[in-house]
Q: 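Structure below; questions to follow.
Heavy-atom basis, side chains included; hydrogens, waters and symmetry copies ignored. The structure displayed is predicted, hence computed values, not measured ones.
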Amino acid sequence: MSKKVLKTSPEGRLCQFPKCTRLLSIYNHQEYCRMHLEQMAQAAKPKPNGFSAR
Ligand SMILES: [Zn+2]
C-alpha cells in the first residue's frame with residue numbers, strides 16, 4: 001500500500017526572479033514567488049490586440 005506523502009520543497013528557497021528576495025513556501029514548488037508567477041503568466045499571454053498584425 002502506498003502512503004500519502006505530502007510533497008514539500010526545501011525550506012528557505014528564494015524567488016529566482018532577479019532582485020526578488022521573497023522567501024518561497026515549502027508548499028510552493030515553483031521557482032518564483034506568487035507575485036512573479038502571476039506576472040510571468042500575464043506576460044506570456046498574447047495581447048488582446050496582437051492578432052490583427054498580418
Ligand atoms: Zn519574486
Side-chain angles (χ1 to χ4, degrees):
M1 300 297 153
S2 60
K3 278 187 207 167
K4 261 195 186 176
V5 179
L6 239 188
K7 245 192 176 180
T8 55
S9 290
E11 214 174 330
R13 294 170 309 134
L14 294 174
C15 173
Q16 294 298 298
F17 198 87
K19 290 184 185 173
C20 182
T21 54
R22 282 204 120 189
L23 209 61
L24 301 179
S25 156
I26 57 170
Y27 301 108
N28 177 1
H29 305 308
Q30 313 287 337
E31 294 186 344
Y32 300 94
C33 67
R34 199 189 158 91
M35 198 185 85
H36 282 121
L37 279 174
E38 266 178 36
Q39 209 173 86
M40 283 186 288
Q42 281 183 7
K45 276 184 198 166
K47 288 174 188 173
N49 297 323
F51 291 105
S52 54
R54 256 207 187 191

Q: Find out whether L24 and L14 are in side-chain contact, i.e. whether some heavy atom of one side chain is under 4.5 Å from a heavy atom of the other.
A: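 Not in contact.
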Q: Using the side-chain hydrogen bond (donor to acceptor under 3.5 Å, both in side chains) rule, collect all pairs that involve residues 9-30, keeping only residues at least two apart or in two chains.
A: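 Of all non-adjacent pairs touching residues 9-30, those that pass side-chain hydrogen bond (donor to acceptor under 3.5 Å, both in side chains) are S9-H29.
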Q: Could you tabulate the donor-acceptor pairs under 3.5 Å formed by side-chain atoms of residues 31-40, not counting sequence neighbours?
A:
none

